[in-house]
Asker: 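Below you will find the structure I want to go over with you.
Worth knowing before you read on, the calculation uses all heavy atoms, side chains too, and leaves out hydrogens, waters and symmetry mates. In the text below, chain A, chain B and the rest are named by the order of the sequence lines, each starting its count at 1.
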Number of protein chains: 2
Amino acid sequence: MSTASASEWAEHARAVMDQAGHRKGGARNAIIDLLAEQPCALSAIEIEDHLRRSDRSASRASIYRILELLQDRGLVVRLDVGDASSRYELIDPGGEHHHHLLCESCGRLVPFDDAGLERSIDRVSRRMGFRTHGHEVVLRGDCVACQH
Amino acid sequence: MSTASASEWAEHARAVMDQAGHRKGGARNAIIDLLAEQPCALSAIEIEDHLRRSDRSASRASIYRILELLQDRGLVVRLDVGDASSRYELIDPGGEHHHHLLCESCGRLVPFDDAGLERSIDRVSRRMGFRTHGHEVVLRGDCVACQH
DNA sequence: GGGCAAGCGAGACGGTGTCTCACTATGGCC
DNA sequence: GGCCATAGTGAGACACCGTCTCGCTTGCCC
């Protein structure tokens with residue numbers, strides 16, 4: 001996720017919210033900017049901490065409320081990786097999309113994408129007769145850096 | 001998951017725990033029997049409720065402790081589907097393994113499996129240089145029954 | 001049967017996420 | 001520019017899931 005496409009996302013997100021009839025909001029702007037510059041998913045608590053340390057903090061209620069709004073508009077996905085809290089990550093407006101390896105050694109979340117995997121998911125989804133709106137793949141194991 | 005293979009799993013689970021040097025335990029037996037007869041994943045709280053309504057209840061501490069033990073022995077998987085609490089499900093001793101659709105209309109968890117999907121996951125895992133111990137796929141959408 | 005450690009229960013505790021309610025700020029209207 | 005309705009926000013209480021501790025019970029080996 002390059003810085004260029006990230007700030008692009010922030011603009012896109014603000015435009016979508018505007019078109020949906022939402023007023024401007026300081027907390028929302030701060031959260032959008034924060035998410036835009038992240039390389040990977042953040043938890044709500046991490047967002048709270050980051051903002052508190054910056055010049056524009058936001059209350060916990062606002063954070064969850066805003067994240068839900070962004071999710072409803074398809075600007076953000078919520079990931080449940082199993083470490084107690086769920087994590088939030090921006091969605092590329094171009095429709096690109098990735099999954100994660102949760103490294104059991106260092107605890108990091110490593111993003112990856114694969115067209116073949118996406119095709120397999122579409123195929124099984126059709127075969128089973130589901131109408132799917134989204135999906136999540138989480139691998140558990142060791143990332144490249146943690147293998148010796 | 002047929003009743004036959006389910007009680008087979010219960011026997012298998014008890015044998016594994018026995019071989020690992022664990023003593024018999026009332027709470028553990030009750031949880032194994034309960035899991036054995038479930039069609040799909042249960043949350044820890046649901047297990048607590050089920051047992052309380054039966055003749056053999058178990059404390060919350062025991063439930064989590066036992067589920068962790070079963071997970072360590074590869075008898076159970078923990079799924080994080082995003083509805084706050086995580087869910088636990090037995091693992092087929094034959095090594096078969098399935099994934100889930102979380103129906104956004106009725107809230108049910110619908111199991112499915114697909115060999116092509118498994119192959120795709122192995123392939124991308126190798127391509128990325130990960131050493132994976134497990135994985136999870138969750139689709140979100142409408143199950144067959146909820147489409148009109 | 002006796003002793004010891006594994007297994008277990010009860011309840012306190014901590015953290016994440018939800019809810020309420022009052023305050024603030026935005027944008028349309030005059 | 002000033003006013004007003006209402007969307008947006010903050011503070012804090014609250015509920016819930018999961019963890020931890022500690023003392024009691026039970027299974028197992030001698």
Asker: Could you state the CD-C1' distance from B:E68 to C:dG7, rounded to the nearest angstrom?
Answerer: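 Interatomic distance, CD of B:E68 to C1' of C:dG7: 15 Å.
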Asker: Are A:R60 and A:E48 ion-paired here, with the side-chain N under 4.0 Å from a carboxylate O?
Answerer: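 Yes, charged N to carboxylate O under 4.0 Å.
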Asker: Rounded off to whole Å, could you give me the CG-to-P distance for the A:D80 and D:dG18 pair?
Answerer: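 Going from CG in A:D80 over to P in D:dG18 covers 12 Å.
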Asker: Who are the side chain to side chain donor-acceptor pair (under 3.5 Å) partners of B:S43, not counting sequence neighbours?
Answerer: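 For B:S43 there are no side chain to side chain donor-acceptor pair (under 3.5 Å) partners, ignoring immediate neighbours.
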Asker: Partners of B:E46 by side chain to side chain donor-acceptor pair (under 3.5 Å), sequence neighbours excluded?
Answerer: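 With sequence neighbours excluded, B:E46 shows a side chain to side chain donor-acceptor pair (under 3.5 Å) to B:R87, given in chain and number order.
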Asker: Strictly below 4.0 Å: does A:R56 bring a side-chain N or O up to OP1 or OP2 of D:dG10?
Answerer: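 For D:dG10, OP1/OP2 do have a side-chain N/O of A:R56 under 4.0 Å.
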Asker: Could you give the CD-to-P distance, from A:E48 to D:dG12, as a whole number of Å?
Answerer: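 Spelled out: CD on A:E48 to P on D:dG12 is 13 Å.
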Asker: Does A:S59 have a side-chain nitrogen or oxygen under 4.0 Å from the phosphate oxygens OP1 or OP2 of D:dG12?
Answerer: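 Checking A:S59 against D:dG12: no side-chain N or O falls below 4.0 Å of OP1 or OP2.
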Asker: How many Å lie between CG on B:L70 and P on C:dG7, as a whole number?
Answerer: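 Value for this atom pair: 12 Å.
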Asker: Taking for each residue the nucleotide of DNA chain D bearing the nearest heavy atom, is the 5' side occupied by B:A44 or by A:G21?
Answerer: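 Nearer the 5' end of the strand: A:G21.
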Asker: For nucleotides 19-30 of chain D, read 5' to 3', which letter fits each nucleotide if B means a protein heavy atom sits under 4.0 Å from the base, S means only the sugar-phosphate is that close, and - means neither?
Answerer: BB------BS--
Asker: Between B:R52 and B:D49, does at least one N-O distance fall below 4.0 Å, as a salt bridge requires?
Answerer: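 Judged by the 4.0 Å cut-off on N to carboxylate O distance, B:R52 and B:D49 do form a salt bridge.
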Asker: How close or far is atom P of D:dA7 from atom CD1 of A:I66, stated in whole angstroms?
Answerer: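 A:I66 atom CD1 is separated from D:dA7 atom P by 15 Å.
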Asker: Using a cut-off of less than 4.0 Å, is there contact between a side-chain N or O of B:S85 and OP1 or OP2 of D:dC17?
Answerer: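 Negative; the distance criterion is not met.
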Asker: Listed by chain and number, what are the side chain to side chain donor-acceptor pair (under 3.5 Å) partners of B:D80, not counting sequence neighbours?
Answerer: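 Checked B:D80 against side chain to side chain donor-acceptor pair (under 3.5 Å); zero matches.
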Asker: Output the rounded distance in Å from CG (A:L51) to P (D:dA11).
Answerer: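 Atom-to-atom, A:L51 to D:dA11, this comes out as 13 Å.
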Asker: Could you state the atom-to-atom distance from CG of B:L69 to P of D:dG18 in whole Å?
Answerer: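 So the CG-P distance, B:L69 to D:dG18, works out to 17 Å.
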Asker: Does D:dC17 have OP1 or OP2 under 4.0 Å away from a side-chain N or O of B:S43?
Answerer: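 Answer no for this pair, as no side-chain N or O of B:S43 is under 4.0 Å from OP1 or OP2.
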Asker: Which residues pass the side chain to side chain donor-acceptor pair (under 3.5 Å) test with B:H12, not counting sequence neighbours?
Answerer: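 For B:H12 there are no side chain to side chain donor-acceptor pair (under 3.5 Å) partners, ignoring immediate neighbours.
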Asker: Can you check the A:I47 CD1 to C:dG17 C1' distance for me, whole Å?
Answerer: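 Result: 13 Å.
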Asker: Given C:dC8, C:dT16, D:dG8, identify the nucleotide with an atom nearest to the side chain of A:R28.
Answerer: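 Ranking C:dC8, C:dT16, D:dG8 by closest atom to the A:R28 side chain puts D:dG8 first.
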Asker: Keeping to residues at least two apart or across chains, list the ring-ring contact (aromatic ring centres under 6.0 Å, His included) pairs with something in residues 117-138 of chain B.
Answerer: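 Qualifying pairs: A:F112-B:F130, B:H97-B:H135, B:H99-B:H135.
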